[in-house]
Peer 1: 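Take a look at this one; I'll ask things after.
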4 protein chains.
Amino acid sequence: MPLSKFFCTNAGLAPKRARRKEARPGELLEAALDLFVEKGFAGTRMEEVAARAGVSKGTVFLYFASKEELFKAVVRHNISGRFTEWNAEFESFEGNSADMLRYCMQTWWERVGATQASGISKLMISEGRNFPEIAEFYQREVIEPGHQLIRRVLQRGIDRGELRAMDLNYVAYGLMASMMFLILSKHSIVMSLKEDMTLDPLTYIACQADIFLRGLGAEPTAPHTDTDTGTDA
Amino acid sequence: MPLSKFFCTNAGLAPKRARRKEARPGELLEAALDLFVEKGFAGTRMEEVAARAGVSKGTVFLYFASKEELFKAVVRHNISGRFTEWNAEFESFEGNSADMLRYCMQTWWERVGATQASGISKLMISEGRNFPEIAEFYQREVIEPGHQLIRRVLQRGIDRGELRAMDLNYVAYGLMASMMFLILSKHSIVMSLKEDMTLDPLTYIACQADIFLRGLGAEPTAPHTDTDTGTDA
Amino acid sequence: MPLSKFFCTNAGLAPKRARRKEARPGELLEAALDLFVEKGFAGTRMEEVAARAGVSKGTVFLYFASKEELFKAVVRHNISGRFTEWNAEFESFEGNSADMLRYCMQTWWERVGATQASGISKLMISEGRNFPEIAEFYQREVIEPGHQLIRRVLQRGIDRGELRAMDLNYVAYGLMASMMFLILSKHSIVMSLKEDMTLDPLTYIACQADIFLRGLGAEPTAPHTDTDTGTDA
Amino acid sequence: MPLSKFFCTNAGLAPKRARRKEARPGELLEAALDLFVEKGFAGTRMEEVAARAGVSKGTVFLYFASKEELFKAVVRHNISGRFTEWNAEFESFEGNSADMLRYCMQTWWERVGATQASGISKLMISEGRNFPEIAEFYQREVIEPGHQLIRRVLQRGIDRGELRAMDLNYVAYGLMASMMFLILSKHSIVMSLKEDMTLDPLTYIACQADIFLRGLGAEPTAPHTDTDTGTDA
DNA sequence: GATGAATGAGGATTCATTCAT
DNA sequence: CATGAATGAATCCTCATTCAT
């Protein structure tokens with residue numbers, strides 16, 4: 001998973017030092033991501049990051065000039081250009097809007113929501129205010145493209161006569177809200193529902209998609225039949 | 001002690017010291033709320049709270065034993081009893097489910113979302129994990145009651161034949177997600193959408209309510225006519 | 001017990017305020033003595049003194065300009081001119097040296113050691129260094145007269161041929177050490193022996209007196225018959 | 001890392017950093033001991049300890065988690081294992097009781113009383129109550145073993161017929177009292193006798209030992225019958 | 001490069017002391 | 001006189017950051 005592994009040449013068993021040296025930055029970023037997500041910026045100690053990455057305190061500063069730089073690096077490193085890839089998929093998708101929306105949401109969950117990458121969103125939501133440049137960057141590279149992608153899915157549905165006319169922006173916000181809730185239920189303790197109120201992400205996604213699709217359904221079209229939400233009747 | 005009041009020239013006003021004493025906790029809680037929301041728990045210095053409340057450092061500790069106690073007090077003060085009041089309103093509400101849901105969402109916005117109180121939610125989402133005790137408290141006193149209230153509104157709709165059968169938990173999560181999005185767009189920099197993408201809360205609420213109501217509409221009943229979301233129309 | 005009571009005129013039931021007013025300083029000194037002995041100078045909080053005396057924090061400063069002044073007052077107030085009284089008793093004592101020494105030690109225990117007054121000695125031993133003037137005063141008014149008194153008792157014994165010649169100073173120190181041990185076993189936690197090692201003061205005194213008397217016995221004179229150790233008898 | 005050593009010009013001396021690291025805890029304990037003895041626990045500032053040890057404030061906390069831990073370490077460091085060593089000496093001592101008692105007292109003075117270690121006892125007497133945990137530790141590790149050692153010396157004397165039967169506990173207390181007096185005359189201002197009343201420790205010890213030995217001497221005289229002091233046989 | 005000992009600015013907290021009522 | 005709210009200097013302790021080895 002750490003990118004740096006790709007630079008590792010050791011087929012079998014390279015000397016430990018060398019191998020680790022290459023891997024350092026990646027390991028540090030990983031450790032830092034975990035801790036920042038878990039404890040917030042102020043609550044994370046550099047020494048702890050070092051410890052979790054298996055290096056000494058000083059080493060962290062060898063790779064990152066300061067705690068702030070480490071934070072920024074963590075965010076930057078985890079904001080990859082996923083959207084170019086997804087845009088391509090969007091272009092080539094064949095199928096109705098219902099299937100497409102469900103596919104998008106499920107795919108997002110698999111590729112982002114369910115992975116540590118979602119921790120970055122939680123991070124930015126929580127601490128973004130202290131890092132305006134990063135926030136701006138994140139908004140431009142993640143929020144805005146995500147919003148756009150959703151808009152295009154919806155627009156496509158309208159164009160195909162499968163969805164009714166609507167305020168694209170606001171509906172897209174609603175869908176983002178749905179996704180965000182999943183992120184927070186995964187990363188924020190107050191949103192992680194208690195024992196008896198389990199939240200299964202895929203069920204949740206199916207349920208939300210269902211509501212939105214019905215809610216946005218082309219006016220009085222034929223009734224949908226994909227009613228099952230999975231949990232109770 | 002009470003005699004001295006007669007020598008006070010301020011007729012209606014209580015003696016300065018006494019008046020302030022009564023007001024202190026409230027002033028401090030207000031100042032603390034602002035700062036906690038603005039800078040987070042760790043980022044807020046006690047001295048700053050004192051300064052904003054117009055008192056000295058030591059005075060804060062006169063009313064709150066520690067920073068954490070102050071924080072807890074802020075949380076409690078901005079939550080307490082809201083749901084009992086709302087539950088009462090719920091009991092006495094007359095009207096159909098559509099009106100009720102819209103009323104609930106709008107009222108929540110006016111009384112919580114639009115106020116500083118919503119900053120508390122953002123805080124808990126961001127830093128809750130560092131305060132397990134408070135997180136538990138918050139979940140019990142806010143999240144859970146909120147979830148319950150929404151469930152009851154939905155259940156009422158089902159009972160009245162206005163909403164179709166559904167998985168109450170998951171639908172309620174969806175509605176909570178909608179509200180949460182508003183909170184974050186208000187308090188988290190990365191969610192505060194840029195210039196051209198304005199988000200008007202009431203419009204957003206109307207839009208979400210519309211989608212959910214359509215999405216949850218009693219099965220193949222007569223077609224709804226409450227179509228306007230207010231934005232595009 | 002508080003001196004101030006002597007100034008109290010209320011035969012039956014004077015107004016509470018007035019009565020208390022007179023008693024204040026004494027009550028404060030008493031409370032302060034207890035606390036200083038128990039927790040040391042730094043460990044005693046003025047508010048606690050006030051609380052124990054049943055007054056408000058500010059009141060303490062009405063009577064004593066500062067914590068240091070309070071401390072000094074506590075010491076001064078408890079160093080009474082006991083020695084003039086004792087010197088008189090010494091002059092008029094009739095009996096042999098053995099009886100006299102035992103009488104002195106027992107009397108000291110009853111009048112000083114067993115009372116709160118002994119707490120002052122513990123105080124001075126513990127904190128004297130921080131209050132040089134008081135220490136000097138205490139030494140002059142208590143230690144030195146005590147030492148003198150013991151010396152005179154011993155000298156009398158030598159003069160009467162009941163005790164052998166000795167270095168008066170050093171032997172007197174030894175006797176003081178014995179007394180001091182009792183004080184510390186009463187007031188210092190590390191000297192308060194554990195469960196099974198009880199220390200009964202009068203038994204201890206009897207035992208010490210016995211050893212000293214034997215140790216100082218007139219050379220190979222007639223055998224002593226002062227066999228009783230004092231406890232059971 | 002080890003290579004750099006070759007460039008070091010200090011042949012026999014370890015590299016400055018490393019050498020200091022080894023020495024730090026010891027240096028700090030020494031500095032702390034001095035200050036605790038001089039000013040008491042509460043009166044000693046951590047920064048002062050640091051300064052006296054020639055390091056910065058933070059460094060102290062690198063080795064001792066808190067002021068209290070530092071204090072405990074000082075106590076432990078100045079006590080540990082003394083009694084095992086002494087018990088060994090006790091086992092192998094050859095000679096009569098008089099010599100043994102004198103040897104014990106003198107040795108104690110040389111190894112403890114005359115050193116800063118005795119300051120710890122004064123400290124514990126003065127502030128022990130604020131640290132129940134340490135007080136308990138001190139009592140268990142110092143007072144009790146000391147008391148035991150003295151008892152054994154006395155018991156040995158009785159067994160050899162050199163000392164008369166006696167109440168071991170109480171006599172041992174008396175000897176402890178003697179030692180304690182020396183400690184206090186060294187560390188407590190009120191007990192440090194004035195100019196003309198000099199107290200030479202060794203003379204004092206000789207004097208006390210003499211008195212006790214005479215006082216406890218196996219009769220050479222007619223057999224006493226006042227053996228029972230009441231506690232043990 | 002890596003280490004981890006050392007630093008010291010920063011912030012929470014305590015408590016003697018003041019003073020308006 | 002008595003009160004107790006308010007003050008702020010003093011101190012403990014944390015932790016990002018530096019740097020000699």
Peer 1: Provide, to the nearest angstrom, the distance between the NZ atom belonging to D:Lys39 and the P atom belonging to F:dA10.
Peer 2: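 That distance rounds to 14 Å.
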Peer 1: Specify the separation, in whole Å, of atom NZ of A:Lys57 and atom P of F:dT14.
Peer 2: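 About 12 Å, once rounded to whole Å.
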Peer 1: For D:Thr59 and C:Phe41, find the nucleotide of DNA chain E closest to each by heavy atoms; which residue's nucleotide sits nearer the 5' end?
Peer 2: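 Looking at DNA chain E, the more 5' nearest nucleotide goes with D:Thr59.
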Peer 1: Count the heavy atoms of every other residue, nucleotide or ligand shown that sit under 6.0 Å from CD of D:Glu38, and state whether that count exceeds 12.
Peer 2: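 For D:Glu38, atom CD is crowded (more than 12 foreign heavy atoms under 6.0 Å).
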Peer 1: Parallel, tilted or perpendicular for C:Phe71 and C:Phe41, by the 30°/60° rule?
Peer 2: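 Geometry flag for C:Phe41 against C:Phe71: perpendicular rings.
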Peer 1: Mapping A:Lys67 and D:Ser66 to their closest nucleotides on DNA chain F, which lands nearer the 5' end?
Peer 2: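 Counting from the 5' end, the first nearest nucleotide belongs to D:Ser66.
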Peer 1: Using whole Å, what does the distance between atom P of nucleotide F:dT14 and atom CE of D:Met46 come to?
Peer 2: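 For the pair D:Met46 CE and F:dT14 P, the rounded distance is 10 Å.
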Peer 1: Measure from the side chain of D:Ser56, starting at C-beta and using heavy atoms only, and say which of F:dT3, E:dG8, E:dA5 lies closest.
Peer 2: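 Selected nucleotide: E:dG8.
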Peer 1: What's the CD-C1' distance between C:Glu48 and E:dT17, to the nearest Å?
Peer 2: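 After rounding, the gap between these two atoms is 17 Å.
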Peer 1: Inspect the surroundings of CD in A:Glu47 and state if more than 12 heavy atoms from other residues, nucleotides or ligands are less than 6.0 Å away.
Peer 2: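 No.
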Peer 1: What integer distance in Å separates C:Leu35:CG from E:dC15:C1'?
Peer 2: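 Interatomic distance, CG of C:Leu35 to C1' of E:dC15: 15 Å.
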Peer 1: In whole angstrom, give the distance that lies between atom CG of D:Leu62 and atom P of F:dC12.
Peer 2: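 Taking CG of D:Leu62 and P of F:dC12, I get 17 Å after rounding.
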Peer 1: Can you check the B:Glu27 CD to F:dA5 C1' distance for me, whole Å?
Peer 2: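 In whole Å, F:dA5 C1' and B:Glu27 CD are 13 Å from each other.
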Peer 1: Can you name the one residue among A:Arg52, A:Lys39, A:Lys122 that meets salt bridge (Lys or Arg N to Asp or Glu O under 4.0 Å) with A:Asp34?
Peer 2: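 Single salt bridge (Lys or Arg N to Asp or Glu O under 4.0 Å) partner of A:Asp34 among A:Arg52, A:Lys39, A:Lys122: A:Arg52.
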Peer 1: Kindly say if B:Tyr63 contacts the phosphate of F:dA6, meaning a side-chain N or O under 4.0 Å from OP1 or OP2.
Peer 2: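 Result: yes.
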Peer 1: Return the pairing partner of F:dT11 with a 3.5 Å limit on both distances, Watson-Crick or G-U wobble; otherwise return none.
Peer 2: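 Paired with F:dT11, as far as the under-3.5 Å criterion goes, is E:dA12.
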Peer 1: Mapping B:Gly58 and D:Ala65 to their closest nucleotides on DNA chain F, which lands nearer the 5' end?
Peer 2: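 The residue closer to the strand's 5' end, by nearest nucleotide, is B:Gly58.
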Peer 1: Where each residue is assigned the nucleotide of DNA chain E containing its nearest heavy atom, which of D:Val60 and B:Phe61 is assigned the position nearer the 5′ end?
Peer 2: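 Per heavy-atom nearest nucleotide, the more 5' residue is D:Val60.
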Peer 1: Around atom CD of D:Glu30, are there more than 12 heavy atoms of other residues, nucleotides or ligands at under 6.0 Å?
Peer 2: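 Result for CD/D:Glu30: open.
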Peer 1: Nearest whole Å is fine: how far is E:dT7 P from D:Glu47 CD?
Peer 2: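 Nearest whole value for this atom pair: 12 Å.
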Peer 1: Could you let me know what E:dA20 is paired to, Watson-Crick or G-U wobble, both distances under 3.5 Å, or none if it's on its own?
Peer 2: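 F:dT3 - that is the nucleotide pairing with E:dA20, both distances being under 3.5 Å.
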